[in-house]
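The next block holds one structure in the form of structure tokens; read it before the comments.
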Amino acid sequence: MTENFYITTAISYPNGPPHIGHAYEAIAADVIARFQRLSGRNVRFQTGTDEHGLKMAQKAEELGVTPAQLANEMSAQFIAMCDSLNISYERFIRTSEEDHHRASQAIWQAMVDKGDMYLDRYEGWYSVRDEAFYNEDELIEGVDSEGQSVKLSPQGTAVEWTAEESWFFRLSKYQDRLIALYIENPNFIAPESRRNEVMKFVEGGLRDLSVSRTSFDWGVKVPGSPEHVMYVWVDALTNYLTGLGYPDPSDDMANYWPANVHLIGKDITRFHAVYWPAFLMSADIALPKQVFAHGFLLNKGEKMSKSAGNVVAPLQLAEDYGVDSLRYFLMREVIFGNDGSFSAETIVNIVNADLANSFGNLAQRTLSMLFKNCDGKLLWPLQQAEADIALESKIASACASELPQEFAAMRFSQGIEAWLRAVNACNQYVDEQAPWALKKTDPERMHVVLVTVYRCLRYLALAISPVVPASATHLLDQLGVATDQRDFAAFDDENWYANIAQSDYLVAKPVAIFPRQEVVQAKDNS
RNA sequence: GGCGGAGUAGCUCAGUUGGUUAGAGCAGUGGAAUCAUAAUCCAUUUGUCGGGGGUUCAAAUCCCUCCUCCGCUACCA
């Protein structure tokens with residue numbers, strides 16, 4: 001029986017164009033999705049945009065368009081980003097869609113039926129500028145324009161005592177069950193540092209959550225309270241269910257829920273690790289198996305911000321260095337779960353060293369010799385020497401065992417390191433065997449050596465394919481590997497090589513899969 | 001302020017039940033080779049393991065203290 005696997009990214013808030021963080025999350029999720037497919041699972045991969053909320057409404061007004069128009073325009077940009085980064089999602093969800101409103105109202109109603117929703121007043125010091133309520137003890141003393149002493153928000157903006165009618169969710173009721181969840185499922189929140197933070201937060205006591213707003217109307221209407229729209233997180237989190245057809249009983253719900261992993265940025269851990277499971281518990285829906293919070297990307301070690309003027313457009317990087325180069329760099333160089341630093345120089349460095357020089361050139365030198373010296377013919381039957389078998393066994397272990405184990409545990413950089421050791425072993429083997437010398441002394445042996453590396457290349461290409469899908473496909477095409485033989489199950493097929501070798505397949509003059517890169521100078525905007 | 005994490009070669013990081021000359025990759029340097037994308041292979045330099053103090057036969061690893069950086073500390077998303 002085939003296992004199912006459901007992975008989601010957070011849905012992006014499209015009040016601005018996609019940035020490198022969005023690209024990173026999409027790429028990481030895509031690598032996981034492709035890896036799971038390679039492992040033989042039925043994968044459902046969902047991403048999308050979170051289009052409601054005050055900020056979208058404000059941004060639309062600022063631009064003189066309706067929120068729906070803005071959402072259309074911006075979500076198109078996110079879809080375009082996914083497409084250019086080769087993101088293999090099954091569903092791109094938009095929270096403004098009709099089915100999502102229905103799903104959000106259904107989960108809301110389920111929470112009402114459970115007795116977890118009540119109407120109350122939300123009172124506090126509100127800053128219009130910050131759009132946030134503050135506690136008395138958070139406020140600072142300040143002076144207004146007339147020299148009067150006034151209370152200000154921590155950001156120094158004006159606050160006023162405000163009261164708003166709001167629906168509340170009985171979050172406090174779920175404190176103990178949440179803690180039990182974290183203890184019984186240590187991997188529910190990853191990495192561990194995030195789990196510790198969440199544990200402390202919940203142990204510190206939970207207050208009920210205000211979950212509706214009356215101050216604007218760009219959102220999902222609360223059932224029975226048309227003047228209220230849902231607090232965006234109730235609606236946003238529900239997208240993970242909407243995409244499977246909730247609330248209707250459907251095959252997708254049966255097959256894919258609960259999700260295997262919600263991949264998110266570390267800044268929204270609490271919403272996913274506290275509120276979301278509490279909502280689901282209340283609605284009697286199964287809980288996702290894991291919430292994985294990845295880190296942030298820093299531009300040369302600096303946080304990116306509009307004011308610092310160092311925001312990097314993801315598509316520009318993909319355009320400058322290639323989609324697969326960007327994907328490889330992010331998965332290889334950033335320890336998954338930690339923050340990571342990037343720069344054009346580092347990307348070029350890593351990609352040239354690993355992909356162009358080590359791996360790409362290995363393929364190029366091998367296929368080139370096969371083409372020139374053996375007319376592209378593969379060898380059958382194949383009589384390998386001890387060194388050949390030893391190499392293959394090492395490569396098979398790295399590609400079929402080490403890398404998959406690391407990837408399954410979300411340790412992508414470690415998995416890629418194991419793969420790189422295999423690549424290096426192949427280059428080492430080529431140098432030791434020196435097929436160019438054998439060409440004069442023992443052409444038969446030369447052929448065996450080249451075919452041995454050829455066989456290793458298939459392992460290497462398949463294993464790394466989730467990270468660099470287009471390039472891996474390019475190489476597998478050159479190797480003549482059938483498209484239905486490109487998964488981990490094919491590693492167990494003893495006859496794969498015999499089938500190609502005994503066919504009339506010939507290795508053609510190879511085309512470089514990873515050209516060397518050079519740093520593209522940033523355009524001067526002045 | 002409270003709680004938590006981190007500070008190891010130029011860069012990114014491994015490395016704790018305390019134990020021989022502290023490791024890897026990249027970058028650098030020297031050499032070999034010439035099939036290949038001036039790619040590859042071999043060898044190799046550099047470290048007060050954040051500062052100071054302590055425990056111990058022995059500490060990057062345990063304790064104390066100080067410095068620096070980061071995260072969390074609820075309703076923008």
Side-chain angles (χ1 to χ4, degrees), chain A residues 10-16 50 52-56 58 122 124 127 129-135 138 166 168-169 171 191-194 196-213 231-234 236 265-271 274-275 293 295-296 298 301 303 332-335 338-343 345-346 349-350 352-373 413-414 416-417 420-421 424 426-439 446 449-450 453 510-517:
Chain A
I11 47 178
S12 308
Y13 202 68
N15 61 343
D50 172 19
H52 294 132
L54 183 59
K55 293 219 166 169
M56 280 296 282
Q58 285 176 334
Y122 194 90
S127 161
R129 179 81 170 276
D130 301 349
E131 300 157 30
F133 282 95
Y134 295 101
N135 284 330
E138 290 179 283
S166 172
F168 280 78
F169 170 71
L171 184 62
E192 202 178 348
S193 53
R194 298 293 153 218
N196 294 339
E197 284 176 8
V198 170
M199 282 279 278
K200 287 286 177 200
F201 175 78
V202 175
E203 281 168 0
L206 293 174
R207 301 205 291 266
D208 289 350
L209 196 64
S210 161
V211 287
S212 76
R213 298 287 183 272
Y231 170 50
V232 285
W233 276 106
V234 177
K266 64 181 184 180
D267 53 332
I268 53 175
T269 307
R270 192 199 315 137
F271 302 99
V274 181
Y275 301 167
F296 290 156
L298 307 174
K303 266 188 186 166
R332 154 76 224 254
E333 194 62 9
V334 180
I335 312 275
N338 290 5
D339 288 352
S341 191
F342 73 94
S343 67
E345 291 76 10
T346 336
N349 239 345
I350 294 285
N352 279 347
D354 295 357
L355 295 181
N357 296 352
S358 294
F359 183 53
N361 184 54
L362 172 70
Q364 189 70 8
R365 68 200 301 210
T366 306
L367 297 182
S368 184
M369 282 187 275
L370 264 176
F371 171 71
K372 283 188 195 163
N373 303 334
S413 49
Q414 288 90 331
I416 293 172
E417 275 172 29
L420 266 177
R421 284 194 293 275
N424 291 337
C426 288
N427 273 318
Q428 199 177 338
Y429 166 88
V430 172
D431 274 53
E432 278 164 9
Q433 300 297 326
W436 50 91
L438 292 169
K439 182 180 172 185
M446 173 195 72
V449 166
L450 293 177
V453 183
V511 179
I513 42 173
F514 295 107
R516 281 180 64 83
Q517 306 284 337

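So you know, we letter chains A, B, ... as the sequences are listed, proteins then strands, and number each from 1.
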_Does B:rA39 have OP1 or OP2 under 4.0 Å away from a side-chain N or O of A:Gln364?_
no

*Identify, with sequence neighbours excluded, every residue that meets side-chain hydrogen bond (donor to acceptor under 3.5 Å, both in side chains) alongside A:Thr366.*
none

*asked:* If the condition is side-chain hydrogen bond (donor to acceptor under 3.5 Å, both in side chains), which residues does A:Asp339 pass it with, not counting sequence neighbours?
replied: A:Lys266

Starting the side chain at C-beta, find the nucleotide from [options] nearest to [X].
{"X": "A:Arg207", "options": "B:rA74, B:rU40, B:rC35", "result": "B:rA74"}
{"X": "A:Tyr231", "options": "B:rC75, B:rA74, B:rU34", "result": "B:rC75"}
{"X": "A:Val430", "options": "B:rA77, B:rC35, B:rG71", "result": "B:rC35"}
{"X": "A:Arg365", "options": "B:rU34, B:rC75, B:rA36", "result": "B:rA36"}
{"X": "A:Trp233", "options": "B:rU34, B:rA39, B:rA77", "result": "B:rA77"}
{"X": "A:Ser368", "options": "B:rU37, B:rC75, B:rA36", "result": "B:rA36"}

*Pick the C1' atom in B:rG10 and in B:rG18, then give their distance to the nearest Å.*
30 Å

Nearest whole Å is fine: how far is [N] [atom2] from [X] [atom1]?
{"X": "A:Ile268", "N": "B:rC75", "atom1": "CD1", "atom2": "P", "answer": "16 Å"}
{"X": "A:Trp436", "N": "B:rC35", "atom1": "CH2", "atom2": "C1'", "answer": "6 Å"}
{"X": "A:Phe271", "N": "B:rA74", "atom1": "CZ", "atom2": "C1'", "answer": "8 Å"}
{"X": "A:Lys200", "N": "B:rG4", "atom1": "NZ", "atom2": "C1'", "answer": "8 Å"}
{"X": "A:Ile335", "N": "B:rA6", "atom1": "CD1", "atom2": "P", "answer": "14 Å"}
{"X": "A:Leu362", "N": "B:rC41", "atom1": "CG", "atom2": "P", "answer": "9 Å"}

*Partner of B:rC69 by Watson-Crick or G-U wobble geometry, both contacts under 3.5 Å, or none?*
B:rG5

Checking all strands, does [X] fall into the base, sugar-phosphate, or nothing category for heavy-atom contacts under 4.0 angstrom?
{"X": "A:Leu206", "answer": "base"}
{"X": "A:Asp50", "answer": "sugar-phosphate"}
{"X": "A:Lys439", "answer": "nothing"}
{"X": "A:Ser193", "answer": "nothing"}
{"X": "A:Gly205", "answer": "base"}

_Mutual orientation of the aromatic rings belonging to A:Trp233 and A:Phe271 [parallel < 30°, tilted 30-60°, perpendicular > 60°]_ = parallel

_Across nucleotides 23-32 of chain B, 5' to 3', mark each nucleotide with B, S or - according to how protein heavy atoms within less than 4.0 Å reach it._
----------

